[in-house]
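Just so you know, these numbers come straight off a predicted model, no measurement behind them. We name chains A, B, ... by the order of the sequence lines, and we start the count at 1 in each one.
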There are 4 protein chains.
Amino acid sequence: MGKQKTLKIGIIGAGRIGKIHTDNLAMHIPQAEIAAIVDRDLKAAQQIASKYHVTSAYSDYQKILDDPKIDAVAIFTSTDTHADLIIAAARAGKHIFCEKPIDLTLDKVDKAIDAVKKAGIKCQIGFNQRFDPGIKRLMDLIKSGKIGELQILRITSRDPAPPPISFIKSSGGLFLDMTIHDFDMACHLSGSEALEVYAMGGVLVDPVIGKAGDIDTAIVTLRLASGAMATIDNSRKAVYGYDKRVEVFGSGGMAAIANNPANATTYHSPNGVLTDKPSYFFLERYADSYIAELSEFVKAVLFDKPTPLSAAESRKPVVIAMAANKSLRENRPVKISEIE
Amino acid sequence: MGKQKTLKIGIIGAGRIGKIHTDNLAMHIPQAEIAAIVDRDLKAAQQIASKYHVTSAYSDYQKILDDPKIDAVAIFTSTDTHADLIIAAARAGKHIFCEKPIDLTLDKVDKAIDAVKKAGIKCQIGFNQRFDPGIKRLMDLIKSGKIGELQILRITSRDPAPPPISFIKSSGGLFLDMTIHDFDMACHLSGSEALEVYAMGGVLVDPVIGKAGDIDTAIVTLRLASGAMATIDNSRKAVYGYDKRVEVFGSGGMAAIANNPANATTYHSPNGVLTDKPSYFFLERYADSYIAELSEFVKAVLFDKPTPLSAAESRKPVVIAMAANKSLRENRPVKISEIE
Amino acid sequence: MGKQKTLKIGIIGAGRIGKIHTDNLAMHIPQAEIAAIVDRDLKAAQQIASKYHVTSAYSDYQKILDDPKIDAVAIFTSTDTHADLIIAAARAGKHIFCEKPIDLTLDKVDKAIDAVKKAGIKCQIGFNQRFDPGIKRLMDLIKSGKIGELQILRITSRDPAPPPISFIKSSGGLFLDMTIHDFDMACHLSGSEALEVYAMGGVLVDPVIGKAGDIDTAIVTLRLASGAMATIDNSRKAVYGYDKRVEVFGSGGMAAIANNPANATTYHSPNGVLTDKPSYFFLERYADSYIAELSEFVKAVLFDKPTPLSAAESRKPVVIAMAANKSLRENRPVKISEIE
Amino acid sequence: MGKQKTLKIGIIGAGRIGKIHTDNLAMHIPQAEIAAIVDRDLKAAQQIASKYHVTSAYSDYQKILDDPKIDAVAIFTSTDTHADLIIAAARAGKHIFCEKPIDLTLDKVDKAIDAVKKAGIKCQIGFNQRFDPGIKRLMDLIKSGKIGELQILRITSRDPAPPPISFIKSSGGLFLDMTIHDFDMACHLSGSEALEVYAMGGVLVDPVIGKAGDIDTAIVTLRLASGAMATIDNSRKAVYGYDKRVEVFGSGGMAAIANNPANATTYHSPNGVLTDKPSYFFLERYADSYIAELSEFVKAVLFDKPTPLSAAESRKPVVIAMAANKSLRENRPVKISEIE
């Protein structure tokens with residue numbers, strides 16, 4: 001029996017999220033082979049390369065694009081570089097995995113999607129939450145018909161604490177940074193498209209966030225093409241831990257994903273029954289999904305199948321987020337078709 | 001020791017809900033004494049009177065209003081008669097407990113409130129869900145400061161099955177019939193008032209409901225004067241049973257009321273762990289709250305304290321429902337102040 | 001249509017448990033008619049009779065036995081009087097519902113069972129826990145074959161607080177007073193009989209209980225004729241509330257009854273998620289089962305069907321409790337056949 | 001600042017459990033350095049060495065014992081080789097981590113413990129379940145005093161399916177193979193010692209297990225020196241998945257570890273609410289604990305602190321298991337002191 005085929009990947013970006021993805025590729029995805037690691041900070045690239053016994057570490061990503069032995073690139077840099085890197089990688093004929101979102105402007109998103117299309121390469125954008133085991137189970141229930149015709153989606157996303165103000169300023173705002181996952185989830189679960197959005201928001205957590213031009217609390221309502229409706233509520237600060245719940249309701253039943261306590265122990269005291277709060281944030285909660293999304297990307301390329309989440313599909317939540325921003329500014333429901 | 005003082009009550013209306021309230025008054029509220037029972041259908045009045053050993057049964061409510069020994073009336077007739085009965089009872093100097101809502105038009109609501117005010121009697125409207133033990137616990141948490149500043153309210157109300165079309169036609173529609181409880185709950189829990197409402201709705205359950213001029217599925221968003229926001233989702237049909245959940249989220253924590261399974265048994269099978277669905281509808285789920293609201297009314301009158309829910313307060317959810325109807329028709333957020 | 005047939009019942013014993021049963025008969029079981037109430041304390045009998053509009057109240061139970069219009073007696077007196085009352089009632093040809101247990105000695109138990117047999121009347125002993133909705137659901141699962149062949153039963157019974165020492169002294173001890181319900185449950189759920197019992201016990205809650213000759217904490221293991229085994233753990237004091245859990249494990253699956261929190265509200269705080277402890281004791285927890293057992297008794301007599309729990313069957317848990325006492329004294333497994 | 005100190009470990013045994021431990025050491029415990037891997041099957045050793053970039057792979061463990069640069073050995077071979085390897089490693093002055101149990105006979109256990117003592121090296125035996133996050137939380141609650149004086153322990157251990165008969169024959173039987181973890185847990189949680197044990201068992205799962213001289217279902221009761229009592233129930237086959245629950249009950253409260261469903265999704269259908277069963281067995285359920293036990297061993301050696309579970313302590317559950325076997329054979333409670 002011959003050796004199993006592996007996908008040779010060049011990693012661009014060795015920051016926080018890059019390290020996690022690199023660890024997942026190295027340790028959990030046997031069909032992936034890390035061929036090179038690039039970071040503007042060469043030392044950071046070298047350190048992580050050394051940890052995983054990767055022989056090539058560079059500060060210039062062109063080295064990866066020029067290497068004919070490398071099949072694919074994985075882009076883990078900051079959002080403002082995503083589009084240019086996708087375009088360059090596509091032109092170099094590399095398959096692409098890129099962190100979400102492609103860009104905060106539709107113009108650049110479209111140019112990247114166009115480059116991918118022209119190059120005929122495979123491209124997957126990292127909306128990792130789709131790959132959560134709970135969401136997978138939800139999708140199985142939907143696909144099996146057990147939920148029936150989908151009527152109401154209910155999503156709660158509340159972070160344990162706000163990010164630094166510096167991040168908020170460059171993030172594109174709550175809807176483009178945080179709710180974007182929920183918008184993607186609504187499209188994913190419904191298999192439909194958003195038609196119209198109404199966003200109500202406020203600054204209830206920290207006035208500094210308001211001064212930075214953003215909101216920290218929001219309720220967003222979506223009307224989908226299928227007729228289903230969705231309600232999403234967000235907060236930048238839940239003192240009881242990362243609160244992430246998704247519920248689908250339909251003519252056949254309802255399915256819901258709860259938060260998991262940090263451990264399976266309950267304490268029964270004279271004051272009641274206590275379970276530990278989820279002690280983690282998204283990196284812990286979605287640890288499995290980070291592995292799964294890359295694993296599916298690697299398999300899609302190796303076996304020449306469509307990636308589970310294309311570049312074109314990743315455009316939709318960006319558009320919804322933009323419509324939500326417009327709705328918030330103008331205090332009226334905004335049709336998705338207005339954003340084009 | 002002298003005999004405990006009791007409140008002598010005349011009951012008007014011996015239909016389905018009247019029977020339940022009568023049973024509660026007779027069996028669970030020792031401080032109440034049923035002095036007379038009235039129903040247009042004299043036989044119905046007599047039957048229930050006989051069951052509870054009440055000596056007076058009439059077909060004409062004026063008999064109750066004329067009886068100087070009767071302290072209070074309890075109105076359990078159809079909604080379209082509430083306002084006139086309140087006005088008549090107030091003029092007769094009787095304290096009043098009346099099923100919700102006072103009326104489907106603001107004009108009649110206001111006349112009834114006015115009559116109550118002028119008469120100086122006590123009046124309580126039957127928004128029973130406020131008296132649910134779970135809601136009581138939620139309020140205790142809010143009042144104790146454990147939720148902190150309230151930021152998001154999330155309410156789900158889904159009935160197990162739609163009412164008859166004949167009822168839907170006279171009900172005032174989803175918002176005035178069903179969501180009205182949720183509007184009242186939002187005001188109750190927040191201790192605030194609604195400023196603005198946006199309603200998205202559709203006919204996803206049964207087209208016959210649409211032909212009757214109503215919707216059967218809705219998502220409503222409220223902005224409250226306190227700055228908090230609320231999202232409510234409704235359906236006329238949840239195949240998995242009556243689904244009624246309330247959640248308050250604030251700077252100090254979150255509290256949520258779940259649905260209870262029909263029993264405490266779980267079945268662990270090769271296919272997973274199964275608990276029984278809630279087998280009941282509102283009469284079963286809110287059995288305790290029906291007793292509690294009447295008990296508090298009786299005590300408020302006996303000990304001359306404010307009723308926990310005045311006629312004036314019961315006007316608010318009616319106005320919100322009207323604003324929601326306007327929002328639905330015009331597809332835009334509607335200010336509560338527009339409805340006056 | 002003729003009037004529905006009702007069972008005319010004479011109640012003997014108007015103490016705490018008698019009041020509860022009387023309320024259930026009067027208010028929740030329309031096919032029962034309370035014909036007379038007897039208590040040594042005539043005033044107590046009269047008070048409760050007046051409350052439920054019962055015309056006959058006596059201090060002498062013979063009045064009931066002599067009344068040909070009375071079909072059945074319900075015995076709610078102290079345990080030491082049960083056997084004699086059963087014998088007298090059986091001889092008078094009355095059907096009998098009697099609180100558990102018949103007696104603390106086998107001799108008197110057997111005499112009572114014999115009298116019942118000879119009289120050919122129906123007799124049901126009040127092991128109410130069998131009628132709990134959770135237990136009903138468990139039995140349905142067992143009978144449907146979903147648990148398969150029963151292998152392990154696990155029962156936890158922990159009271160919120162010990163009874164008064166005076167009660168403990170006359171109760172027959174932990175096994176005859178408290179565990180007796182669990183012994184009955186093991187027989188009921190397994191449809192089998194105990195063959196052998198091993199009891200480990202201690203005084204861990206209060207040394208005063210030990211001085212009264214009893215234990216307050218125990219673990220009892222049973223071997224059943226079917227091959228299944230049972231483990232029961234008991235404590236007289238669970239500071240977190242009445243803790244009553246039953247679990248059946250078999251070749252086809254497992255079913256378990258959990259404790260229910262006092263309400264459906266959870267509080268999510270920075271310290272974890274809190275639910276309220278069950279605030280009640282057995283009267284509250286088993287409120288439904290008290291109604292159900294009497295309702296089934298009434299129906300069994302009216303429709304001439306076997307009572308769900310015969311006098312003869314109620315002997316078994318008494319014997320097991322005696323064997324458990326012997327096992328505790330001699331620190332060895334004791335065969336049930338040794339107690340005869 | 002200089003480089004962080006690491007512990008150089010030689011691994012003996014590259015079978016199933018050896019691979020898991022090796023992966024944990026390589027990937028999750030940065031303070032560990034795998035210096036060599038030994039397996040009788042040299043190819044197996046080489047394969048795993050290559051995967052983790054370990055330069056030395058041997059078929060003879062003496063190579064590890066002779067290597068002065070190696071600080072510690074990790075023994076993952078079959079149980080019958082543990083004692084001899086411990087003795088040899090101790091004599092070679094290596095610290096030792098060894099899978100549980102040391103041996104199935106007390107004689108060899110004692111010789112190994114003696115060798116460890118004489119050599120003055122650190123030795124930890126792999127009772128991994130102590131390191132489960134749920135158990136850690138339980139211990140924290142106990143140590144904090146929140147459980148008060150411990151009175152009852154309740155442990156359920158039910159495997160999803162029996163092991164092969166060949167394994168059962170060499171395993172030492174249910175008590176020495178499976179219940180041994182529960183015996184260790186009872187000692188660990190109570191901080192006490194077993195005084196007496198009563199075991200009831202049977203062959204209810206598969207007669208082939210009975211023919212192999214073992215039982216497959218058991219209930220074991222322990223009396224501890226502290227006065228607390230424990231009940232353990234075991235089955236070789238739970239069709240609903242690996243069922244592992246631990247509960248401690250005391251004067252101050254109760255704490256319990258539940259099974260976790262495979263995912264956080266519930267499906268609400270017309271037939272009830274369904275959660276997925278735990279889909280895993282011990283390797284998945286205790287994945288975290290396998291990492292934690294090795295991590296604590298490495299730190300104990302590096303920082304010269306006592307290992308959390310000494311060789312001497314690991315002897316206790318072996319003795320209890322032997323007493324349980326004697327109790328089963330003789331059908332009587334057996335004092336631990338009888339086994340010496």
Engineer: Using the rule side chain to side chain contact (heavy atoms under 4.5 Å, CB included), only one of A:K136, A:H181, A:H188 pairs with A:R130; which is it?
Structural biologist: A:H188
Engineer: Does the side chain of A:I155 reach to within under 4.5 Å of the side chain of A:R245, using non-hydrogen atoms?
Structural biologist: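 No, every pair of side-chain atoms sits at 4.5 Å or beyond.
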Engineer: Do you know which of B:G227, B:G202, B:A218 has the most heavy-atom pairs under 4.5 Å to chain A?
Structural biologist: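 Looking at each option in turn, the highest pair count goes to B:G227.
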Engineer: Non-hydrogen atoms of chain B under 4.5 Å away: do they reach the side chain of A:N234, the backbone, both or neither?
Structural biologist: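 Just its backbone gets close to chain B.
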Engineer: So for A:S251, is it side chain, backbone, both, or neither that comes closer than 4.5 Å to the heavy atoms of chain B?
Structural biologist: backbone
Engineer: With a 4.5 angstrom heavy-atom cut-off, is it the side chain or the backbone of A:I232 that approaches chain B, or both, or neither?
Structural biologist: neither
Engineer: For B:I147, is it the side chain, the backbone, both or neither that has a heavy atom under 4.5 Å from a heavy atom of chain A?
Structural biologist: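 B:I147 has no heavy atom closer than 4.5 Å to chain A.
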Engineer: Does either side chain, that of B:T221 or that of A:T221, offer a donor lying less than 3.5 Å from an acceptor on the other one?
Structural biologist: yes
Engineer: For chain B, which candidate among A:E149, A:R332, A:M254, A:K237 shows the most heavy-atom pairs at distances under 4.5 Å?
Structural biologist: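 Of the options given, most contacts go to A:M254.
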Engineer: Taking A:T156, A:D243, A:V205, A:V203 one by one, which has the highest count of heavy-atom pairs under 4.5 Å against chain B?
Structural biologist: A:T156
Engineer: Is it the backbone or the side chain of A:E247 that comes under 4.5 Å from a heavy atom of chain B, or both, or neither?
Structural biologist: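 The side chain, not the backbone.
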Engineer: Taking atom types as modelled, is there a side-chain donor on B:Y198 or B:N331 under 3.5 Å from an acceptor on the other?
Structural biologist: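 Yes - a donor-acceptor pair under 3.5 Å links their side chains.
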Engineer: Do B:R158 and A:F249 form a cation-pi contact, if we require the NZ or CZ to be under 6.0 Å from the six-membered ring centre and within 45 degrees of the ring's axis?
Structural biologist: yes
Engineer: Verify whether one side chain among A:N128 and A:S289 offers a donor that lies under 3.5 Å from an acceptor in the other.
Structural biologist: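 Indeed, the side chains of A:N128 and A:S289 share at least one donor-acceptor pair under 3.5 Å.
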Engineer: So which part of A:L204 gets closer than 4.5 Å to some heavy atom of chain B, the side chain, the backbone, both or neither?
Structural biologist: both
Engineer: Does B:V334 offer a backbone N or O that forms a donor-acceptor pair with the side chain of B:S327 under 3.5 Å?
Structural biologist: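 Between the backbone of B:V334 and the side chain of B:S327 there is no qualifying donor-acceptor contact (under 3.5 Å).
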